[in-house]
Amino acid sequence: MLSGCSGGDGRPTVATLSRAPALSAGVLTADLTRLGAELEHLRGKAAWAHVDVMDGAFCPQLTVGPAFVAAVASTGIAVDAHLMVEEPRRMLADVAAAGAAVITVHAEATRHLHRTMTEMTALAGSGGSFLRGVALNPGTPVCAVEPVLGLADLVLVLAVSPGWSGQEPAPGTRQRVEQVRELARRAAADVLVGVDGGVTIANAAQIASWGIDVIVSGSAIFDRVDPARNLDLLTRELVTLEVPDGKR
């Protein structure tokens with residue numbers, strides 16, 4: 001079980017971003033009966049197709065696995081595989097072999113986070129060539145990732161409890177992003193910081209202004225009505241960054 005941590009206020013000033021964060025577009029909210037056409041909306045507009053792999057244990061839902069990751073990757077669109085599963089080490093090799101460009105595991109999902117990240121590093125270095133991510137649920141102290149910052153390329157801060165779309169971002173998510181940045185600065189770790197969950201067209205610019213590198217959104221794009229228009233609106237919002245408090 002993860003415990004609380006202390007040390008520093010973890011609240012650096014966030015400067016105005018000079019660029020938009022990379023978009024990882026969640027595809028499980030797309031119309032899976034016409035997945036190929038849905039993925040085409042993302043080509044040239046999203047950095048990755050975000051695939052939530054859920055096992056029905058770590059998350060309430062049971063979704064997809066490595067075969068789905070491989071199917072998406074076969075289209076030439078880079079895949080961001082978010083492993084929301086218990087003991088993700090058992091799936092790492094298969095997901096890497098499926099062609100994922102990003103593989104993210106949860107700090108809460110394994111007894112041996114350092115071993116898991118070490119194995120990811122070995123896989124990435126043996127020809128897999130993917131970004132190594134570690135994710136944090138809203139109730140997990142951000143310092144849980146501190147011991148593995150040197151083994152990670154991405155820290156993904158979840159703004160909602162995993163498993164269900166349509167939730168509002170948890171209060172304090174911005175502060176948690178800032179705390180991750182401060183941990184990385186102290187550790188001299190060059191990591192990307194992302195936010196996943198609760199991102200809508202209405203709040204995307206605000207969330208992007210928190211100083212993040214990656215933003216994950218799915219249901220805001222794929223509403224079964226007009227994903228092309230939604231994606232255009234969302235990407236416009238991501239470059240319309242708000243000035244952080246105290247910088248107006």
Side-chain angles (χ1 to χ4, degrees), residues 2-24 46-48 50 80 82 101-109 113-114 116-117 120-121 124 130-162 167-200 203-217 234 237-248:
L2 297 168
S3 60
C5 314
S6 61
D9 61 11
R11 298 286 298 278
T13 301
V14 179
T16 305
L17 288 171
S18 60
R19 60 177 176 78
L23 174 62
S24 188
W48 302 286
H50 188 91
D80 175 6
H82 184 179
V102 184
I103 302 177
T104 298
V105 301
H106 270 261
E108 308 87 356
L113 181 59
H114 187 273
T116 300
M117 299 301 295
M120 288 174 68
T121 299
F130 55 85
L131 297 180
R132 305 155 298 168
V134 58
L136 291 166
N137 285 338
T140 302
V142 297
C143 62
V145 302
E146 187 173 10
V148 297
L149 284 174
L151 296 167
D153 302 299
L154 165 69
V155 177
L156 188 63
V157 179
L158 266 68
V160 301
S161 295
Q167 301 177 64
E168 294 289 330
T173 302
R174 174 177 178 171
Q175 287 73 24
R176 287 168 61 77
V177 167
E178 294 171 352
Q179 289 164 9
V180 170
R181 284 284 189 209
E182 178 64 8
L183 283 177
R185 184 192 66 78
R186 292 177 182 176
D190 184 16
V191 295
L192 303 171
V193 180
V195 169
D196 181 0
V199 178
T200 66
N203 66 17
Q206 178 188 23
I207 293 174
S209 75
W210 295 349
I212 59 175
D213 304 295
V214 178
I215 194 165
V216 180
S217 182
L234 181 62
E237 288 298 314
L238 293 182
V239 298
T240 308
L241 303 180
E242 294 187 357
V243 178
D245 295 341
K247 295 288 185 179
R248 301 183 188 280

Colleague: How far does CG of Asp80 sit from CZ of Phe130, to the nearest 0.5 angstrom?
Modeller: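 Spacing of CG (Asp80) from CZ (Phe130) equals 12.0 Å.
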Colleague: Of the non-hydrogen atoms in Asn137 and Arg176, which two are nearest, and what is the gap between them?
Modeller: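 Shortest heavy-atom separation between Asn137 and Arg176 comes out as O-NH2, 2.8 Å.
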Colleague: Heavy atoms, side chains only, cut-off 4.5 Å: are Trp210 and Val157 in contact?
Modeller: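 Not touching, per the 4.5 Å side-chain cut-off.
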Colleague: On a heavy-atom basis, which atom in Gly194 and which in Leu154 lie closest, and how many Å separate them?
Modeller: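 That would be N-CD1, 3.9 Å.
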Colleague: Give the minimum heavy-atom separation between Pro138 and Ala170, together with the two atoms involved.
Modeller: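 Smallest heavy-atom distance, with atoms named: CB-CB, 4.3 Å.
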Colleague: What I'd like to find out is whether the side chain of Met117 reaches to under 4.5 Å of the side chain of Val105, using heavy atoms alone.
Modeller: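 Yes. Closest side-chain heavy atoms under 4.5 Å.
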Colleague: Would you please name every residue forming a side chain to side chain contact (heavy atoms under 4.5 Å, CB included) with Ala46, sequence neighbours left out?
Modeller: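 Checked Ala46 against side chain to side chain contact (heavy atoms under 4.5 Å, CB included); matches are Leu23, Ala25, Leu42.
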Colleague: Considering all heavy atoms of both residues, which atom of Ala20 and which atom of Val239 are nearest to each other, and what is their separation?
Modeller: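 Heavy-atom minimum between the residues: CB-CG1, 3.5 Å.
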Colleague: Taking atom OG1 of Thr104 and atom CG of Leu136, what is their separation to the nearest 0.5 Å?
Modeller: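 With rounding to 0.5 Å, OG1 (Thr104) is 11.0 Å from CG (Leu136).
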Colleague: Which residue, Val177, Leu183, Val148, Leu149, forms the side-chain contact (heavy atoms from CB on, under 4.5 Å) with Val155?
Modeller: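 When Val177, Leu183, Val148, Leu149 are each tested with Val155, the side-chain contact (heavy atoms from CB on, under 4.5 Å) holds only for Leu149.
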Colleague: What's the shortest heavy-atom distance between Ile103 and Met120, and which atoms?
Modeller: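 Heavy-atom minimum between the residues: O-CE, 3.0 Å.
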Colleague: Suppose the criterion is salt bridge (Lys or Arg N to Asp or Glu O under 4.0 Å): which pairs have a residue in residues 130-152, not counting sequence neighbours?
Modeller: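 Every pair satisfying salt bridge (Lys or Arg N to Asp or Glu O under 4.0 Å) with a residue in residues 130-152: Arg132-Asp153.
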Colleague: Specify whether His82 and His106 have parallel, tilted or perpendicular ring planes, treating 30° as the upper limit for parallel and 60° as the lower limit for perpendicular.
Modeller: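 Rings of His82 and His106: parallel, under 30°.
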Colleague: With distance as the sole criterion, is a donor-acceptor pair present between the side chains of Thr200 and Asn203 under 3.5 Å?
Modeller: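 Distance-only check passes for Thr200 and Asn203.
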Colleague: Looking only at heavy atoms, what is the nearest atom pair of Leu158 and Pro162, with distance?
Modeller: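 Residues Leu158 and Pro162, closest heavy atoms: CD2-CB, 3.9 Å.
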Colleague: Would you confirm whether Glu108, through its side chain, and Thr140, through its main-chain N or O, come within 3.5 Å as a donor-acceptor pair?
Modeller: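 Side chain of Glu108 to backbone of Thr140: no pair is present.
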Colleague: Between atom CZ of Arg174 and atom OG of Ser209, what is the distance when rounded to the nearest 0.5 Å?
Modeller: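 Answer rounded to 0.5 Å: 5.5 Å.
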Colleague: Quick one: CG on Leu192 to CD1 on Ile212, what's the gap to the nearest 0.5 Å?
Modeller: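 Output value for this atom pair is 11.0 Å.
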Colleague: Could you tell me whether Arg185 and Glu182 have a side-chain N and a carboxylate O separated by less than 4.0 Å?
Modeller: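 A salt bridge links Arg185 with Glu182.
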